[in-house]
4 protein chains.
Amino acid sequence: MTTTVGLRLDDAAPPGSRPVNGKRTRQNILDAAQTVFAEKGFSGANVNEIVTLAGTTKPMLYYHFGSKEGLFAAVLENVYAGMRDIEASLRLDALPASDAMRRLVEVTFDYHAAHPDWVRLISVANIHDAQPILNAPAIAVRNEAVVDILRTLLLRGVQEGVFRGGVDPLHLHLMIASFSFYRISNRHTWRIIFKRDLNAPDEAVLQRTLLVDAVLRFLRPDAG
Amino acid sequence: MTTTVGLRLDDAAPPGSRPVNGKRTRQNILDAAQTVFAEKGFSGANVNEIVTLAGTTKPMLYYHFGSKEGLFAAVLENVYAGMRDIEASLRLDALPASDAMRRLVEVTFDYHAAHPDWVRLISVANIHDAQPILNAPAIAVRNEAVVDILRTLLLRGVQEGVFRGGVDPLHLHLMIASFSFYRISNRHTWRIIFKRDLNAPDEAVLQRTLLVDAVLRFLRPDAG
Amino acid sequence: MTTTVGLRLDDAAPPGSRPVNGKRTRQNILDAAQTVFAEKGFSGANVNEIVTLAGTTKPMLYYHFGSKEGLFAAVLENVYAGMRDIEASLRLDALPASDAMRRLVEVTFDYHAAHPDWVRLISVANIHDAQPILNAPAIAVRNEAVVDILRTLLLRGVQEGVFRGGVDPLHLHLMIASFSFYRISNRHTWRIIFKRDLNAPDEAVLQRTLLVDAVLRFLRPDAG
Amino acid sequence: MTTTVGLRLDDAAPPGSRPVNGKRTRQNILDAAQTVFAEKGFSGANVNEIVTLAGTTKPMLYYHFGSKEGLFAAVLENVYAGMRDIEASLRLDALPASDAMRRLVEVTFDYHAAHPDWVRLISVANIHDAQPILNAPAIAVRNEAVVDILRTLLLRGVQEGVFRGGVDPLHLHLMIASFSFYRISNRHTWRIIFKRDLNAPDEAVLQRTLLVDAVLRFLRPDAG
DNA sequence: AATGAATGAGTTTTCATTCAT
DNA sequence: TATGAATGAAAACTCATTCAT
């Protein structure tokens with residue numbers, strides 16, 4: 001229920017102490033908000049619940065974030081930063097194109113599976129037409145990292161003769177991301193309608209293999 | 001934002017008259033709720049707005065649906081029925097397996113593209129852990145139609161020698177549905193982050209082709 | 001929970017039949033109202049719950065009783081009639097005054113103990129300043145039966161030399177009624193505050209004896 | 001109808017000022033609630049009326065008491081505290097047992113007569129099966145003060161030779177309390193049915209004497 | 001004598017936000 | 001930075017009562 005999203009290095013304060021510490025309070029609110037927004041959506045989340053969970057009070061929330069909307073935007077920023085960091089840390093150049101692609105797909109797949117809160121928050125943002133993001137300019141910057149990585153990788157694969165040409169890197173990312181995202185975001189309705197838990201461990205293994213397989217088959221050069 | 005979902009056979013009452021007509025009132029509320037829930041999510045939707053849009057009053061809503069939750073469940077029931085009907089109306093037997101598969105993918109893709117409300121409502125349901133559905137047992141019945149269709153089709157394709165074997169029909173459906181769904185559900189965040197509108201007409205054409213292509217490549221028998 | 005109050009001779013209609021039968025419907029509503037008013041008080045009772053329990057519909061209630069208030073008045077009328085009948089059926093003339101008094105006390109005590117709904121309804125009426133009764137003139141007629149009985153009995157006891165004189169029959173009734181009523185009406189707060197259930201079987205026996213004892217000691221002529 | 005119940009030590013703020021003062025607001029709500037609940041019962045009472053009378057707003061009520069039920073529980077707690085204080089302030093040790101008993105009876109009688117709101121609130125609590133009290137554990141503590149007082153007094157009277165033995169103090173309290181309570185609680189139905197106002201001044205004097213008399217006669221040792 | 005549907009006003013409760021300290 | 005208390009508007013839901021049939 002409280003899957004962490006992004007990095008949260010709580011520097012473990014002694015309980016009972018209540019230091020005058022703006023940074024800590026701000027972070028506590030952010031963490032609490034992440035959890036509550038992911039659990040209940042934007043409108044369903046309750047400012048009171050957030051500050052209670054954060055161990056602080058409402059005026060603090062407004063002091064740091066201005067409004068419920070501002071808080072949600074900050075949470076999203078945090079969330080996107082987490083993914084960006086992962087992508088940035090990938091060192092794919094050393095691997096053959098095929099292996100690199102496999103690795104990229106797997107990392108993407110795993111990140112979604114490990115961060116359901118991340119997925120839910122982005123769903124919530126979309127339900128609200130992503131408007132909260134519009135007011136948070138920090139987000140829209142340098143998020144096309146993956147696309148660049150993919151573009152480079154595709155080119156290299158073509159040169160190595162293992163990928164066919166003419167594939168739009170954004171479309172490829174769409175294929176990878178949609179599968180990775182949907183199986184988490186729509187897990188609940190699937191559980192009920194198809195009676196299968198898409199994120200059960202054995203299912204996850206199969207689907208991971210399947211996605212890698214589908215991507216590589218999609219990229220495989222047509223027989224000459 | 002006001003795309004219709006499901007069938008609505010209004011039994012065409014003379015306009016201007018406002019007779020005591022339970023069926024009509026109920027349907028009006030259902031339609032209004034569909035629109036508003038899709039626009040604002042569950043918690044964000046306002047019962048007042050729904051009844052106003054439906055041209056009736058709150059007590060009528062509670063008379064017919066018991067609660068806001070009950071209403072949402074009824075909306076979802078309606079929504080799923082729409083998709084079921086489409087699937088049931090497909091006559092794929094006459095086509096060669098390859099063409100049939102192409103057709104199935106395209107229909108699925110197009111249905112999602114044409115019914116963004118449908119997509120949003122299911123997103124909303126998932127944000128709330130699909131709990132509203134749990135109380136609406138009518139939904140969980142006979143929704144595995146697609147999977148059966150796919151299973152049959154896969155078998156036929158193998159017999160015809162155009163598909164390879166060993167593909168789980170549910171996994172294949174997951175691949176098709178995730179792509180079709182995600183490009184609508186996450187359209188807003190993509191617009192901001194990747195600066196491309198996934199549902200712009202020209203994009204849609206490309207992606208439709210891509211999905212068919214990916215599926216067929218995925219199913220193509222390995223060269224002997 | 002559904003202790004009956006007054007007489008209810010249901011002439012057992014075959015279930016499934018729904019005859020056009022005003023008398024029966026009226027009585028069903030009255031019975032249901034008795035139960036619900038006793039359980040929830042006047043304002044707490046819900047017209048819907050009453051008609052549902054009665055197996056009929058709201059317009060029927062209004063057809064027969066005019067309003068929620070009118071219904072409550074009718075219930076009270078019914079309730080008082082029950083007690084009146086008991087009192088009228090007592091034949092005390094044949095007994096010696098002491099025994100007759102003992103019997104009267106015991107019957108009063110037992111009636112309250114056996115009809116907690118009766119007690120609750122009268123409590124409810126008093127909470128509302130007995131206003132519903134004011135509009136039900138049938139009630140205020142000939143309810144001083146007990147007082148007359150007591151007056152006669154007291155006189156006879158004085159003549160027999162077993163009671164002292166100068167006791168107001170209404171005051172004596174107050175003493176008997178208050179004890180019999182209060183132990184039922186205030187049973188719940190006593191249970192919590194004094195940890196004793198005033199209407200537990202063994203308690204009831206003791207208290208019954210006690211009340212008879214107290215009354216007879218109260219009436220015993222002063223030694224002289 | 002507006003008899004005060006319990007103690008109210010308003011910490012006398014300068015009138016005209018409306019400072020941020022939680023204690024005062026809380027007490028105002030409590031006082032208003034006491035009045036309104038006594039007048040209309042629990043369900044009949046209106047939260048709006050209470051806050052208006054208290055000169056504050058609904059959110060304050062929920063801020064301090066959580067719910068209408070919580071408020072009612074707090075009112076009852078207050079109410080019981082008032083009686084407890086009276087009982088604790090009685091100094092009966094100096095009096096001969098007979099006089100002490102007379103005094104205890106009179107004080108109990110008078111307290112009920114002077115606090116009809118007290119009586120009504122307890123009636124209301126019983127109508128609702130005393131459930132609100134169950135959630136207010138503070139009430140159930142140390143309310144058996146009277147019973148202890150009575151027990152001690154009975155023992156002393158037996159030693160002094162003025163009371164007979166074998167009387168359960170709780171039963172004696174029941175006798176005293178029932179009479180004192182009922183004549184107030186059921187005043188309204190009696191007024192209508194027996195055409196006598198049980199709390200009219202001259203009536204009250206007579207009944208007070210009667211209750212003392214009945215208790216002392218009940219306790220008088222049997223002639224040897 | 002009976003019903004399903006409708007009404008209008010009111011109910012309790014909650015919300016995001018801000019003030020005074 | 002931090003807090004307890006306050007605010008005003010709106011939220012979901014309920015109610016007794018009545019209409020059309």
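Numbers restart at 1 for each chain; the letters A, B, ... are given by sequence-line order, proteins then strands.
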Qualifying residue, where the test is side-chain contact (heavy atoms from CB on, under 4.5 Å) with B/Phe37 and the options are B/Leu76, B/Ile50, B/Asp117, B/Val124:
B/Ile50
How close or far is atom [atom2] of [N] from atom [atom1] of [X], stated in whole angstroms?
X	N	atom1	atom2	answer
B/Lys40	F/dA11	NZ	C1'	13 Å
D/Asn28	F/dA6	CG	C1'	14 Å
B/Met60	F/dT14	CE	P	14 Å
B/Asn21	E/dG4	CG	C1'	11 Å
B/Phe65	F/dT14	CZ	P	16 Å
A/Leu61	E/dT17	CG	P	9 Å
C/Arg24	E/dA2	CZ	P	10 Å
A/Arg26	F/dA2	CZ	C1'	17 Å

How many angstroms lie between [atom1] in [X] and [atom2] in [Y], if you round to the nearest 0.5 Å?
X	Y	atom1	atom2	value
D/Tyr62	D/Thr57	OH	OG1	11.5 Å
D/Ile127	C/Ser43	CD1	OG	10.5 Å
A/Thr52	A/Asn46	OG1	CG	8.0 Å

What string of B, S and - do you get for nucleotides 8-14 of chain E 5' to 3' if you count protein non-hydrogen atoms under 4.0 Å?
B-BSBBB
The nucleotide from F/dG4, F/dA6, E/dA6 with an atom nearest the side chain of D/Tyr63 is F/dG4
If you look only at pairs with a residue in residues 45-66 of chain D, which of them pass as a salt bridge (Lys or Arg N to Asp or Glu O under 4.0 Å), with sequence neighbours excluded?
D/Lys40-D/Glu49
To the nearest 10 degrees, how far apart in direction are the end axes of the helix from E/dA2-F/dT21 to E/dT21-F/dA2, each fit to five base pairs?
20°
Show, in sequence, the C-alpha distance, side-chain angles and deciding distance for A/Gln27 and A/Leu30, and conclude whether the side chain to side chain contact (heavy atoms under 4.5 Å, CB included) test is met.
CA-CA 5 Å; A/Gln27 191 58 39; A/Leu30 212 48; 4.2 Å; yes
D/Arg120 bridged to C/Asp129 by N-O distance under 4.0 Å:
yes
Minimum heavy-atom separation for B/Val79 and B/Gln34, please, with both atom names.
CG2-OE1, 4.0 Å
Please evaluate residues A/Val47 and A/Leu61 with respect to the criterion side chain to side chain contact (heavy atoms under 4.5 Å, CB included), reporting the C-alpha separation (whole Å), side-chain torsions for both, the decisive distance (0.1 Å), and the verdict.
CA-CA 8 Å; A/Val47 168; A/Leu61 189 159; 3.7 Å; yes
Compare side-chain N and O positions of A/Thr56 against OP1 and OP2 of F/dA2 and report whether any pair is under 4.0 Å apart.
no
